[in-house]
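Accompanying notes for the structure given below.
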Amino acid sequence: MSKVTKPNQTAPMTAARLREARRAMVEGQADSSDLAACSPALLRSWERSRAAGLTPIGRTPGTPHASALQLAQAREQQHELVAHARPAMEFIHEQTRDSDSIVLLSDAQGLLLDTLGDAGFANRAERVALRPGANWHEQWRGTNAIGTALAEQSPVVVHGSEHYLERNGFLTCAAAPIIDPAGTLLGAIDISSDHRQFHRHTLGLVRSAARMIEHRLFETRHRDSLRLRIHKYREGIAGLTEGLVALSEDGWLIGANMAGLHLLGLARRDIAGLRIDAIFETTVDMLHGHSRIGQGWPFELRRIGGSVLWVQVEACRGGIDVTPAPDTAQETPRALPDDVERTVTECQGNLSEAARRLGISRTTLYRRLQR
């Protein structure tokens, strides 16, 4: 389970003190009392921002922004992430509706793939490039929730003047990284709003959304694997906080969500490096037997040298496949090249919406874009 990174873990600092601390850091004044009051996580992010050649005041030249075609290709490459993230984004948008906020999804490089939010704030957000196609990696935008969550690989809140770039100081943002079942960083999900609308619950919302996405990614990737649902309470099985573990036919750990690793006291590097008999007092054959005889009911299982957990075993019960179906239909000349490019641009790289407007399948649309 990811540790929460709080850029400012000490008493809240005023915007003026944060700006003074940032100035002292940029100018190398290590003895500044304002700088000493900042959290180590915030200072690390500011240092990375300075090392990238950014300056807090003024515009940053050369900041990349994906074209409509590049965004469409990035969304296609990350189709699994985008597809599973959308329901989670809609869920947290419902919780924050009419609060002048926007929900954002990025890939692991900070490229914004999707957004959803209140129209009024979305217009303000676009002025600082909080829109699909923009890149919010720390290298380009300095300290910000998306970029810093990706760099620290933990949930983070960046509020007001904690942002490295002064022009982003009107924002308050909370973001959580999204980790796939193999332990690979896929991206981040974020809630951004006006700094005057700060609510502590937004961090909990993005953490829950990241868990929801990781859950669905696990179910999709390992729908044909031997799967363990684990929790310290029987009632926690099949809930949002349950751990998920996937095993190969010969008992190797081949996938897990972050909750599962935390419950087992393991790290992401342990995926593909341990067998089940090095984790639990059991064998893969015994687990297969439970899946057949126990009808999937939870039972208690002791960890090697550790605590007892509740475990439910599932085998090859299937999951949701979000892979686009192959397009076997005859292509029709309903959409001309200019129409395609214009429509994709209007839809901000959303291929599904562009294909719907053009009256063609998404696969056909992607093929025409490649031409």
Side-chain angles (χ1 to χ4, degrees), residues 1-7 75 78-108 110-126 128 130-132 134 136 144-150 152-159 168 170-180 185-220 238-242 244 257-259 320 322 348 350 352-353:
M1 187 176 295
S2 299
K3 179 182 177 182
V4 179
T5 298
K6 297 179 181 179
R75 286 175 56 90
Q78 296 292 336
H79 171 70
E80 187 182 48
L81 171 62
V82 173
H84 287 307
R86 190 66 185 187
M89 293 176 68
E90 292 184 359
F91 167 75
I92 57 177
H93 175 55
E94 284 298 319
Q95 315 310 308
T96 58
R97 186 183 293 276
D98 300 325
S99 63
D100 286 333
S101 62
I102 187 170
V103 184
L104 304 114
L105 175 72
S106 85
D107 68 9
L111 176 67
L112 298 190
L113 299 172
D114 202 3
T115 61
L116 180 66
D118 298 326
F121 184 73
N123 291 335
R124 287 191 66 195
E126 286 198 357
V128 291
L130 274 176
R131 61 180 184 272
W136 279 75
N144 71 89
I146 290 174
T148 304
L150 292 173
E152 297 281 336
Q153 298 200 21
S154 66
V156 62
V157 174
V158 177
H159 178 64
N168 295 330
F170 76 95
L171 295 168
T172 185
C173 311
I178 300 166
I179 311 295
D180 80 357
L185 177 67
L186 282 188
I189 188 164
D190 168 280
I191 301 175
S192 292
S193 59
D194 187 285
H195 72 99
R196 293 167 296 185
Q197 302 294 327
F198 174 70
H199 294 286
R200 293 188 180 276
H201 71 264
T202 55
L203 180 62
L205 282 174
V206 294
R207 294 180 73 186
S208 296
R211 282 182 178 176
M212 291 168 64
I213 297 166
E214 291 170 356
H215 230 84
R216 303 313 301 159
L217 288 166
F218 179 93
E219 298 283 4
T220 298
L240 185 59
T241 60
E242 72 173 346
L244 298 169
N257 68 351
M258 298 305 293
I320 298 175
V322 296
Q348 296 186 319
N350 187 329
S352 297
E353 176 61 19

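This one's a predicted model, so the numbers in the text were calculated from it and none came from an experiment.
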Quick one: [atom1] on [X] to [atom2] on [Y], what's the gap to the nearest 0.5 Å?
X: E80; Y: I213; atom1: CD; atom2: CD1; result: 11.5 Å
X: L113; Y: Q78; atom1: CG; atom2: CD; result: 6.5 Å
X: L240; Y: R207; atom1: CG; atom2: CZ; result: 11.0 Å
X: H79; Y: H84; atom1: NE2; atom2: NE2; result: 8.0 Å
X: S192; Y: D100; atom1: OG; atom2: CG; result: 12.5 Å

Can you name the side chain to side chain donor-acceptor pair (under 3.5 Å) partners of [X], sequence neighbours left out?
X: N144; result: none
X: D107; result: none
X: T172; result: H159
X: H195; result: none

Non-hydrogen atoms of [X] and [Y] that approach each other most closely:
X: V157; Y: A174; value: CG2-CB, 4.0 Å
X: D190; Y: I146; value: CB-CG1, 3.5 Å
X: P177; Y: A149; value: CB-O, 4.2 Å
X: E214; Y: I179; value: OE2-N, 2.9 Å
X: C173; Y: A145; value: CB-CB, 3.4 Å
X: L81; Y: S106; value: CD2-O, 4.1 Å

*asked:* Applying salt bridge (charged side-chain N to carboxylate O under 4.0 Å, His left out), can you list everything that pairs with D180, at least two apart in sequence or on another chain?
replied: R221
*asked:* Applying side chain to side chain contact (heavy atoms under 4.5 Å, CB included) to L217 and I178, what does each step give before you reach the verdict?
replied: CA-CA 10 Å; L217 288 166; I178 300 166; 4.1 Å; yes
_Counterpart residues, side-chain contact (heavy atoms from CB on, under 4.5 Å), relative to N168 (two or more places apart)_ = V128, W136, H163, L165, L171
_side-chain contact (heavy atoms from CB on, under 4.5 Å) partners for T115, two or more places apart_ = I102, L104, P132
Is the backbone N or O of [Y] less than 3.5 Å from a side-chain atom of [X], with the two atoms forming a donor-acceptor pair by type?
X: N257; Y: E242; result: yes
X: E219; Y: H215; result: no
X: D114; Y: L116; result: no

_Audit row: L112, R131, side chain to side chain contact (heavy atoms under 4.5 Å, CB included) steps and yes/no_ = CA-CA 7 Å; L112 298 190; R131 61 180 184 272; 5.7 Å; no
*Apply the test side chain to side chain contact (heavy atoms under 4.5 Å, CB included) to residues L105 and R86: give CA-CA distance (whole Å), side-chain angles for both, the deciding distance (0.1 Å), then the verdict.*
CA-CA 9 Å; L105 175 72; R86 190 66 185 187; over 6 Å; no
*asked:* Do the side chains of R97 and E94 get close enough for a salt bridge, i.e. N-O under 4.0 angstrom?
replied: yes
*Student check: side-chain heavy atoms of P155 and V206 closer than 4.5 Å*: no
